[in-house]
There are 2 protein chains.
Amino acid sequence: MGRAARPTVYTVADRAQVSVATVSRALAAPEKVSEATRLRVLEAIDALGYVPHGAARSLAADAHRAHGLVLPELVGPYYSDLLLGYEREAATGGDAVVLALAGGDDLAAKVLRIAGSVDGIVVMGASALPRAALAAIRELVPVLGLTGGAGQGLEVIGTRNLDSSRELTQHLVEHGRNRLVFVGDPDLAEDIQARYRGFCEALQPHAPEPVRVEPSEAAGVEVAERLLAGELDADGLVCANDELALGVIVTLTARGCDVPGDVAVVGWDDVMAARYVQPSLTTVRQPVADLGATAARRLREHIAAFRAGQLPPGPAPDRLMTSVIYRRSCGCTSDPSKEQEHR
Amino acid sequence: MGRAARPTVYTVADRAQVSVATVSRALAAPEKVSEATRLRVLEAIDALGYVPHGAARSLAADAHRAHGLVLPELVGPYYSDLLLGYEREAATGGDAVVLALAGGDDLAAKVLRIAGSVDGIVVMGASALPRAALAAIRELVPVLGLTGGAGQGLEVIGTRNLDSSRELTQHLVEHGRNRLVFVGDPDLAEDIQARYRGFCEALQPHAPEPVRVEPSEAAGVEVAERLLAGELDADGLVCANDELALGVIVTLTARGCDVPGDVAVVGWDDVMAARYVQPSLTTVRQPVADLGATAARRLREHIAAFRAGQLPPGPAPDRLMTSVIYRRSCGCTSDPSKEQEHR
DNA sequence: CTGTTAGCGCATTCAA
DNA sequence: TTGAATGCGCTAACAG
């Protein structure tokens, strides 16, 4: 014996003594239905436990009412906020979020897979997409880059990495550091690249080559060891993210090296641990939830334009403002109470 | 001038000189199509940039090939791993993930919204769902609880909070703590409840009432202040999660209270900061990615059974094993090298 | 304000 | 191995 058949518009229409069109209207445009009938319909819907079939609706309305969100398979606290911001804004606009996490060459496949089920896609880590695949997808739905993707010709939603990096670096310079080194591989992501560029600009006319490592704690530990071994010379490390910086700091301090006395260390993201490590980490905070919301909002605009027929959807949003959180690891905050503000 | 019309099975069929049925087969059951025609079809698909329309496919096949994943609007590092594990497993099974973040009373609405577009739903924080809404949804698709939801009659995928809590508490007892207090509100979530139960069991025959606060850093700070003010008496705090524990630790140590000397503090989740705080935090690590994967896998089973006609899908998976990570805050790890293992 | 009707794009019978 | 035809559940004209 199977379950009761799923109620459909017809089932509801029957019970409410109306036509299916009226049921549809009662849901989509209540004002186009008389009070009385609308109530009857709603009663029927409630009584039958009717839930519209999403696919049928999408097919008929020629709109999925869903956004694709493609993120790299990285972990980190960063994501929770990003998702929160994105999902909220998407939901506000009536859109669901189809999430795809991609780690390698399955990226293209996954994106194609969801491309058939969403009205538009936001991709973080778009650089890993084969040009051909991206082109095919963009034929179908608008695609936005998150944090990067300019290299793929995408409009990108991101933060002001250049500015924050310049500020951070300049700050270190002004406080007497003159053997600064950037830790992180600019080729790994566009935002890291921008951070390195800002670093270079602040160090005009010549900045040293970056230490090309992955943005992880483990890599930070390695870098610290190289420093301790004398393979690397620096009195200040501008790290591509906090994980890296944290790895550096614990290793350095554990081995008796004074941070920030001997070496200043700064990072990006303001992860929770940045406030707990000793010394606390000077870092760049990004409006991550806002970043997500902005991307969702902007994608909605793109979708509208795309459907309306290819017109470009007005000016792209500015890159989001970031703020440097000065703590102890840069050696410049003498006032601990000031630090507390940023807890 | 509009964009080129989206290619459909018909477009592809035309170009490949076959019928739409063959196109469909070439994609869904390649072995049922001759080598030659299949190649022609694939060529056409490639040339036209054809991507199947997800909604049309779902409607015709009567399967969305998508999971709904509903999470509370909390933030935290926890989620990245959970999503990673879930998405991977879902993708492996060919299913997309529709993510919904719910913060309040919009929960029911959101769940209903996605219920029409997925084959099954995993809900974390199901207790916030009105019974009626849940019942209606379960009529439509199978629903699983993540971390909780037993109270709503859901099968739940979770970890062994009871065991880990008992172990943690017993450990503190064995090392001489005899004024232990549980920090966190058992009524806020089933897992916190289980943690409190384990705490109580270890403290047979009578355990003190819990300090009912939200599981946040701020609340931890408050609790620490109460302790310092003498409003609370304890030589050990079993905190419902790491945020709480961290808030307690920094506040206590900043005010000259010795952790773990005067008060031992332990938590749950093993967030990154747990390793960086001074003293490092003894905590419970949960296999979060595995938790996600297990939920996805199990939901798939439920979906299959549900469609096959209401049969119960075999034994539910065991609650996942957790591991206590002994660090310094419990005052029991004398060997720092041992601690390093868990970095 | 309401009902009738024609697809949306695809999978899947059933014949051939 | 292939094609023709039907319908999934819904929305959106179009009539009334």
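Here is how names work: the chains are called A, B, and so on, in the same order as the sequence lines, proteins then strands, and each is numbered from 1.
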Minimum heavy-atom separation for [X] and [Y], please, with both atom names.
X: A:A115; Y: A:V141; value: O-CG1, 4.1 Å
X: B:H67; Y: B:V118; value: C-CG1, 3.7 Å
X: A:A102; Y: A:L107; value: CB-CG, 3.5 Å
X: A:I157; Y: A:T294; value: CG2-CG2, 3.9 Å
X: B:A126; Y: B:L154; value: CB-CD1, 3.7 Å
X: B:M124; Y: B:L82; value: SD-CD2, 4.3 Å

Checklist entry - Is B:E139 salt-bridged to A:R6, going by a charged N under 4.0 Å from an acidic O? => result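 The answer is no: the pair does not qualify as a salt bridge.
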Checklist entry - Mapping A:E31 and B:A60 to their closest nucleotides on DNA chain C, which lands nearer the 5' end? => result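 Upstream on the strand: A:E31.
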Next on the checklist: I need the residues from residues 8-30 of chain A with at least one non-hydrogen atom less than 4.0 Å from DNA chain D; give them sorted by number, or say none.
Outcome noted: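 Only A:T8, A:V9, A:Y10, A:A21, A:S24, A:R25 qualify.
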Checklist entry - Mind checking which nucleotides bracket the chain B contacts on DNA chain C, 5' to 3', with an atom under 4.0 Å from a heavy atom? => result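 The footprint of chain B covers C:dG9 to C:dT13.
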Next on the checklist: Rounding to 10°, can you tell me the angle the first-five-pair axis of the helix from C:dC1-D:dG16 to C:dA16-D:dT1 makes with its last-five-pair axis?
Outcome noted: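 Answer rounded to 10°: the end axes differ by 30°.
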Item to check | First-last contacting nucleotides on DNA chain D - partner chain B, under 4.0 angstrom, heavy atom | outcome: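 That gives a stretch of D:dT1 to D:dG9.
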Any side-chain heavy-atom pair of [X] and [Y] under 4.5 Å:
X: A:R113; Y: B:R65; result: yes
X: B:H302; Y: B:R307; result: no
X: A:R300; Y: A:D95; result: yes
X: B:R15; Y: B:E43; result: yes
X: B:L83; Y: A:L83; result: yes
X: A:V97; Y: B:V98; result: no

Next on the checklist: For a quick check under 3.5 Å, do A:Q17 and A:R40 share a side-chain donor-acceptor pair by atom type?
Outcome noted: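 No, because no side-chain N or O of A:Q17 sits under 3.5 Å from a partner of the opposite role on A:R40.
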Tabulate below the donor-acceptor pairs under 3.5 Å that side-chain atoms of residues 44-59 of chain A make, not counting sequence neighbours, or state none.
from	atom 1	to	atom 2	distance (Å)
A:H53	ND1	A:A55	N	3.3
A:H53	ND1	A:A56	N	3.2
A:S58	OG	A:G54	O	2.9

Checklist entry - Using a heavy-atom distance cut-off of less than 4.0 Å, which residues of residues 41-59 of chain B contact DNA chain C? => result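 Only B:Y50, B:P52, B:H53, B:A56, B:R57 qualify.
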